[in-house]
Every structure is written in C-alpha cells, then in structure tokens.
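The analysis underlying the following values was restricted to heavy atoms, covering all of them including side chains, and did not include hydrogens, waters or symmetry mates.
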Amino acid sequence: MQVKGFNHLTINVKDLKRSLDFYHQVLGMEIRHRGRTDAYLEWGTAWICLVEKRGDTNQTNGMFGVDHIAFYMEEEHFMEAVKVLQDHHVDIVRGPVQRGVGWSINFLDPDGVQLELHTSNLEERMKVWE
C-alpha cells in the first residue's frame, strides 16, 4: 500500500452548534461547510468532520467521540489497497465506494478502530457542496 498520510478525522458530537463554537472560536479552525447535521473544518493542512448524533451519551455505545481515522492515498493505488485488505481478510465496514470526487473504503483494525482510505482532498470534497 502506498498511503500518503493523514486525511481527516470524523468526530461524533452531541450538539453541532456547541462543537462548532469550540472548534471554530476556541481552536481557530476555519468552517468550510456546515450542513444540518455535519460540518467540515480546516486547520492548516488537517481537516475534521463533526457529525451530530442524538441519543444516549454513554461512551461505551460508540456514538460519541472519534468515529474513524482516514488516510489519504492517490487514486491510482486505491484498488490495489482494497485487494490487500481483502486478501488479509480485513473486516470492511463500507465500500469501496465513490464519495464526491474520490474513492473511500472503511475497515476495522484488530481492536475494532474504524479506519478509512480516501483518495480526495478537502478542496475536492468541498466542490460537492459548491
């Protein structure tokens, strides 16, 4: 696999407005997109997605906190990486699927942490909402 680096972090939150206030006003992240239940923010070359999840606040149910960690790779190597995951019988939870202008596949590490390989960058992702 030829992963190029960190892509983004998605965080499940209880209250999108409250979280946006924190990430934007306190940490100084730039809001790039705000939807009804999600928002994308940029901080230097890093970006995060906040997704509002209503319901039980019990951390053990996995609803709140980090949803998944994504890594960027060039599209020309994506299908090869999918094959590597399949060949190693990795638990794939979504994909491969085209999302916006890029490809994505979500899978679990041995401890159940959800990881993603993603082929687009934030600029390309934002074109979906223009």
Side-chain angles (χ1 to χ4, degrees):
M1 273 191 222
Q2 297 188 23
V3 174
K4 294 291 185 179
F6 175 77
N7 186 271
H8 70 275
L9 178 68
T10 297
I11 302 172
N12 292 330
V13 300
K14 293 184 256 184
D15 183 319
L16 184 59
K17 182 187 177 332
R18 182 182 68 184
S19 294
L20 270 176
D21 288 347
F22 174 78
Y23 284 95
H24 179 63
Q25 294 176 7
V26 176
L27 297 182
M29 292 184 171
E30 179 185 348
I31 298 171
R32 296 293 305 269
H33 162 77
R34 167 128 193 224
R36 192 174 49 79
T37 59
D38 68 333
Y40 284 80
L41 300 103
E42 188 173 31
W43 202 19
T45 59
W47 53 289
I48 67 168
C49 177
L50 303 177
V51 178
E52 186 173 76
K53 301 279 187 177
R54 298 280 181 176
D56 186 2
T57 60
N58 181 349
Q59 286 288 338
T60 61
N61 70 8
M63 272 189 76
F64 299 105
V66 175
D67 181 76
H68 68 278
I69 301 167
F71 300 96
Y72 171 76
M73 70 182 326
E74 294 173 353
E75 190 168 328
E76 66 187 79
H77 303 292
F78 181 77
M79 289 304 172
E80 176 185 324
V82 170
K83 182 169 179 0
V84 169
L85 295 173
Q86 292 169 337
D87 288 349
H88 285 87
H89 307 287
V90 172
D91 188 7
I92 296 172
V93 295
R94 185 185 63 171
V97 62
Q98 193 162 20
R99 297 189 66 208
V101 296
W103 283 89
S104 171
I105 186 166
N106 291 62
F107 54 96
L108 302 179
D109 80 355
D111 294 309
V113 175
Q114 189 170 163
L115 304 174
E116 176 184 8
L117 296 177
H118 195 85
T119 65
S120 68
N121 59 38
L122 183 57
E123 278 304 311
E124 294 166 333
R125 187 75 178 259
M126 291 299 99
K127 289 178 184 177
V128 173
W129 287 291
E130 290 178 354

Heavy-atom distance under 4.5 Å between the side chains of [X] and [Y], does that happen here?
X: L41; Y: L20; result: yes
X: L108; Y: V93; result: yes
X: T119; Y: M73; result: yes
X: L16; Y: T37; result: no
X: H33; Y: M126; result: yes
X: H24; Y: R34; result: no

Go through L85 and M1 one step at a time and tell me if the side-chain contact (heavy atoms from CB on, under 4.5 Å) criterion holds. CA-CA 10 Å; L85 295 173; M1 273 191 222; 3.8 Å; yes
Minimal non-hydrogen separation, H68 against L9, with atom names: O-CD1, 3.6 Å
Determine the minimum heavy-atom distance between G28 and W43, stating which atoms define it. O-CD1, 4.4 Å
Report the C-alpha distance between K53 and V13 in whole Å, list the side-chain angles of each, state the deciding distance to 0.1 Å, and finish with yes or no for side-chain contact (heavy atoms from CB on, under 4.5 Å). CA-CA 6 Å; K53 301 279 187 177; V13 300; over 6 Å; no
Under a 3.5 Å distance rule, please check whether [X] uses its side chain to pair with a backbone N or O of [Y] as donor and acceptor.
X: N106; Y: L117; value: no
X: H88; Y: V84; value: yes
X: Q25; Y: F22; value: no

For H118, give me all partners under ring-ring contact (aromatic ring centres under 6.0 Å, His included), at least two apart in sequence or on another chain.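 For H118 the ring-ring contact (aromatic ring centres under 6.0 Å, His included) partners, ignoring immediate neighbours, are H8.
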Measuring from N7:CG to S120:OG, what's the distance to the nearest 0.5 Å?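 Here the rounded value is 6.5 Å.
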Working to the nearest 0.5 Å, report the span between CG of D91 and CG of D109.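 These two atoms lie 10.5 Å from each other.
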Can you sort out the partners of R99 under side chain to side chain contact (heavy atoms under 4.5 Å, CB included), two or more places apart, ordered by chain and number?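 Checked R99 against side chain to side chain contact (heavy atoms under 4.5 Å, CB included); matches are R94, V97, S104, E116, R125.
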Contacts of type side chain to side chain contact (heavy atoms under 4.5 Å, CB included), residue Q98, not counting sequence neighbours: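 For Q98 the side chain to side chain contact (heavy atoms under 4.5 Å, CB included) partners, ignoring immediate neighbours, are W103.
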With W47 as reference, evaluate Y40, Y72, F6, Y23 under the ring pair (Phe, Tyr, Trp, His ring centres under 6.0 Å) test and give the passing residue. Y40
Assess whether a salt bridge exists between E52 and R18, defined as any Lys/Arg side-chain N lying under 4.0 Å from an Asp/Glu carboxylate O. no
Do V51 and I31 land in one hydrophobic cluster if side-chain heavy atoms of ILVMFWY residues count as linked below 4.5 Å? no
Determine whether M79 and F71 fall in the same hydrophobic cluster, where Ile, Leu, Val, Met, Phe, Trp and Tyr are linked whenever their side-chain heavy atoms lie under 4.5 Å apart. yes
